[in-house]
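Everything below concerns the one structure shown next.
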Amino acid sequence: MEWSSLKHAVVWFRGILRLHDNPPFFNAANRHELQTILPIYIIDEADYPNGFSNMGDKRRKFLYDSLIDLDQSLRDEYGQGLTVFQGNPSNLLRMIFQNLGPGPNYLFTDYMSEPWKREELDNIEVQINEIGAEMISFPAVNTILDIEETVMSEIYKNPKSMKDIQNILTHRLENGPEGIIVGDPLPAPKSISYDSSAIQKLNSETKISDQIVPLAELKRRSNLLGPSSYFPGGETEALRRLKNKVSERRDFVNSFSKPKTLSTNEAGLPSEPSTTGLSPYLSTGCLSPRTLWKEVTAANLGSKHTKPPTSLHGQLMFREMFHLLSRSVNNWDDDKGNSNCKPIEWGQSDPEALYAWESGMTGFPLIDAMMRQLSTTGWMHHLGRHAVSCFLTRGQLWQNWKHGRDVFERKLLDSDWAVNNGNWLWLAGVAPFSMPYYRVYNPCPDGKSSLNVDAANPEFIRHWVPELSSFPSKYIFEPHLAPIDVQESSKCIIGLDYPLPIVDRKESRRVNIDSFKKNLARIAGRN
DNA sequence: GGATCCGTTGTAGCT
DNA sequence: AAGCTACAACGGATC
């Protein structure tokens with residue numbers, strides 16, 4: 001049969017790098033009139049702002065490994081792998097559909113709610129329609145709710161609390177004795193149609209084949225970026241972790257209470273967090289939030305269990321909340337024109353303070369340990385994120401939260417545009433749903449601090465700040481207070497081997513609370 | 001319609 | 001040593 005007379009579907013994996021619960025892939029596979037399903041991914045270096053231009057090495061490696069894993073799973077399950085391109089998605093897809101010849105041909109893909117992603121998909125739909133192809137996109141792929149439909153509904157109001165988001169979920173989903181019922185995730189398709197001449201034909205078109213990134217090249221790039229830390233990328237690892245940390249650990253799930261979790265594992269070692277560690281897999285699309293929700297529900301069934309906001313369901317609810325807000329609040333990632341951001345005057349940024357913060361050289365061991373862990377592994381515990389973001393903004397350094405947001409976006413494996421901006425808005429104290437500005441974390445936990453969960457474990461500091469590896473626990477959070485003979489015997493002279501604190505923590509706290517108060521008075525007076 | 005309550009996770013200093 | 005209080009007091013929902 002003449003190749004060009006067949007019907008083809010390109011399945012463009014955008015925010016979902018998995019086979020399970022993948023609506024575009026599942027639906028394409030079940031359209032039996034389609035002769036060829038061509039699974040593709042497009043690496044777009046110009047992607048803004050959550051993409052490659054802002055992507056640190058650890059995130060890149062996680063993505064490459066997820067693509068390598070997806071390719072392998074596709075080969076194992078269906079006999080045909082993933083074609084990875086690098087280039088401009090709009091140009092590439094136009095060329096691909098022109099090359100496929102007269103249709104009807106289809107583009108199956110997933111809807112993403114980020115503003116630039118919506119714009120991208122709108123443009124692509126117009127372009128491929130012009131050459132006779134049809135786009136079919138699927139919402140609610142990396143969130144539980146259909147973000148677009150929820151935000152557009154007449155009764156929608158911006159959620160600001162756990163209660164609000166629970167009400168939204170309750171209203172939009174069914175409810176049972178165990179609470180909110182989330183729809184079943186889709187299984188991986190049983191088989192896909194594939195005509196290998198399709199990829200051969202694309203390969204024969206140099207303009208297109210030049211932009212293919214072969215598997216060997218992906219592996220080379222991944223290897224160049226060094227070893228994985230806690231979290232190897234990919235769906236295979238996501239499902240393994242889901243099983244080991246959730247499905248097979250009902251007690252852990254049922255007693256999960258976020259504020260009580262630690263940066264370290266049960267043995268107190270920083271080799272594994274005490275949380276699930278599933279966030280990078282959710283943000284990269286290796287794990288469906290629906291699948292995770294169902295596993296948590298199954299663990300809860302018939303047992304006493306923690307409840308939102310501290311439970312695992314609660315964590316997923318906050319994720320939904322930030323995805324809704326990021327869609328409904330204009331300029332979600334800005335401090336100007338953002339109805340969820342109070343216009344605090346942060347003043348001129350201080351490059352030295354920013355550098356010290358990012359590189360883990362502030363002279364505050366807890367802050368530095370967390371920031372170095374972030375740089376090395378791409379992960380930081382939630383309470384660590386509280387500590388370092390409070391320190392950078394309203395707590396000690398009085399820097400605009402957007403600086404910290406950018407660092408997190410580049411370095412965190414679980415970086416997610418909606419969630420990352422939401423967390424910074426909250427922790428900087430500028431959002432309607434934030435912490436009160438005067439609740440400033442003590443960066444030097446003293447036994448009563450809420451940050452004490454990790455502070456109780458000086459080994460965490462000694463691991464990430466090896467300069468202090470011989471320091472006694474008594475002084476480890478404020479080493480400059482150690483007598484000089486203690487510094488000498490610990491082989492770490494503060495101010496020489498490890499920095500002096502870049503600010504007086506008590507004085508900066510006092511001044512900043514006062515500044516925040518004055519800013520709020522100014523803002524109130526202006527209205 | 002004014003008072004009251006509440007919000008995922010505070011700190012410092014005193015007894 | 002654990003528990004209390006002062007700190008300073010937002011802003012929307014509910015009553």
Side-chain angles (χ1 to χ4, degrees), chain A residues 155-169 255-263 273-276 279 296 305-322 324-325 329 339-344 364 366-367 370 380-391 393-396 419 422-456 477-478 481 504-527:
Chain A
I155 56 162
Y156 172 82
K157 277 195 294 189
N158 288 336
K160 294 178 303 302
S161 64
M162 180 50 54
K163 202 178 165 192
D164 289 346
I165 185 65
Q166 273 178 307
N167 287 341
I168 291 173
L169 282 160
S255 62
F256 188 95
S257 182
K258 190 61 171 280
K260 291 181 185 158
T261 59
L262 305 171
S263 292
S274 79
T275 49
T276 65
S279 56
V296 173
H305 56 84
T306 52
K307 300 264 161 41
T310 56
S311 66
L312 280 172
H313 276 156
Q315 307 311 301
L316 285 168
M317 287 180 182
F318 279 116
R319 194 172 171 275
E320 292 295 306
M321 182 173 114
F322 285 147
L324 290 171
L325 286 169
V329 174
S339 63
N340 271 225
C341 180
K342 290 168 194 156
I344 302 298
F364 289 86
L366 182 66
I367 303 300
M370 294 291 181
M380 190 194 297
H381 184 266
H382 191 62
L383 282 176
R385 301 183 197 194
H386 282 223
V388 301
S389 54
C390 181
F391 185 89
T393 57
R394 66 196 166 81
Q396 267 69 41
V419 178
N423 276 331
W424 277 94
L425 289 165
W426 185 58
L427 288 159
V430 297
F433 45 79
S434 355
M435 292 239 284
Y437 64 88
Y438 46 86
R439 291 193 178 167
V440 171
Y441 290 99
N442 181 354
C444 305
D446 60 359
K448 293 183 186 180
S449 167
S450 64
L451 299 172
N452 215 42
V453 279
D454 283 306
F477 298 108
E478 283 186 284
L481 297 182
D504 178 324
R505 68 175 173 90
K506 290 185 180 173
E507 177 61 8
S508 56
R509 176 185 192 272
R510 196 188 59 72
V511 168
N512 291 343
I513 287 176
D514 192 54
S515 297
F516 211 110
K517 188 168 94 173
K518 288 183 174 138
N519 266 277
L520 291 180
R522 172 182 56 79
I523 294 161
R526 207 177 53 187
N527 292 337

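Here is how names work: the chains are called A, B, and so on, in the same order as the sequence lines, proteins then strands, and each is numbered from 1.
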If I pick the [atom1] atom on [M] and the same atom on [N], what distance separates them, to the nearest angstrom?
{"N": "C/dG11", "M": "B/dT11", "atom1": "C1'", "result": "23 Å"}
{"N": "B/dC14", "M": "C/dA8", "atom1": "P", "result": "16 Å"}
{"N": "C/dA9", "M": "B/dC5", "atom1": "C1'", "result": "14 Å"}
{"N": "B/dT8", "M": "C/dT5", "atom1": "P", "result": "25 Å"}

### Query
Reckon A/Arg505 touches a base, only the sugar-phosphate, or nothing at all at heavy-atom distances under 4.0 Å?
sugar-phosphate

### Query
Are A/Ser263 and A/Met370 side-chain neighbours, meaning at least one heavy-atom pair lies under 4.5 Å?
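Side-chain contact under 4.5 Å: yes.
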
### Query
Is there side-chain contact between A/Lys342 and A/Leu520, with heavy atoms separated by less than 4.5 Å?
yes

Given atom [atom1] of [X] and atom [atom2] of [N], what is their separation to the nearest angstrom?
{"X": "A/Leu425", "N": "B/dT8", "atom1": "CG", "atom2": "C1'", "result": "16 Å"}
{"X": "A/Arg439", "N": "C/dA6", "atom1": "CZ", "atom2": "P", "result": "16 Å"}
{"X": "A/Arg510", "N": "B/dA12", "atom1": "CZ", "atom2": "P", "result": "14 Å"}
{"X": "A/Lys506", "N": "C/dC7", "atom1": "NZ", "atom2": "P", "result": "18 Å"}
{"X": "A/Arg394", "N": "B/dT11", "atom1": "CZ", "atom2": "P", "result": "10 Å"}
{"X": "A/Met321", "N": "B/dT8", "atom1": "CE", "atom2": "P", "result": "7 Å"}
{"X": "A/Arg509", "N": "C/dA6", "atom1": "CZ", "atom2": "C1'", "result": "12 Å"}
{"X": "A/Gln396", "N": "B/dT11", "atom1": "CD", "atom2": "C1'", "result": "12 Å"}

### Query
Going by atom types alone, do A/His382 and A/Thr261 pair a side-chain donor with an acceptor below 3.5 Å?
no

### Query
Taking protein heavy atoms under 4.0 Å as touching, what does nucleotides 8-15 of chain C look like 5' to 3' if B marks base contact, S marks sugar-phosphate-only contact and - marks none?
BS-SSS--

### Message
Let's test your reading of the pairing rules: Watson-Crick or G-U wobble, both distances under 3.5 Å, then write DNA chain C as a dot-bracket string with ( ), [ ], | and dots.
### Response
.||||||..||||||

### Query
Do any side-chain nitrogens or oxygens of A/Asn442 fall under 4.0 Å of OP1 or OP2 in B/dG10?
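It does not, given that no N or O in the side chain of A/Asn442 lies less than 4.0 Å from OP1 or OP2 of B/dG10.
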
Over all atoms of both residues, closest heavy-atom pair of [X] and [Y]:
{"X": "A/Met380", "Y": "A/Arg385", "result": "O-NE, 2.8 Å"}
{"X": "A/Ile367", "Y": "A/Ala387", "result": "CD1-O, 3.8 Å"}
{"X": "A/Phe318", "Y": "A/Pro309", "result": "CE1-CB, 3.7 Å"}
{"X": "A/Leu325", "Y": "A/Tyr156", "result": "N-OH, 4.1 Å"}

### Task
Between B/dT8, B/dG13, B/dG10, spot the one nearest the side chain of A/Tyr441, thanks.
B/dG10

### Query
If you measure from the Lys or Arg side-chain nitrogens to the Asp or Glu carboxylate oxygens, is any gap between A/Asp514 and A/Arg510 under 4.0 Å?
no

### Query
Is the backbone N or O of A/Gly395 less than 3.5 Å from a side-chain atom of A/Asn512, with the two atoms forming a donor-acceptor pair by type?
yes

### Message
Tell me whether the rings of A/His386 and A/Tyr441 are parallel (<30°), tilted (30 to 60°) or perpendicular (>60°).
### Response
perpendicular

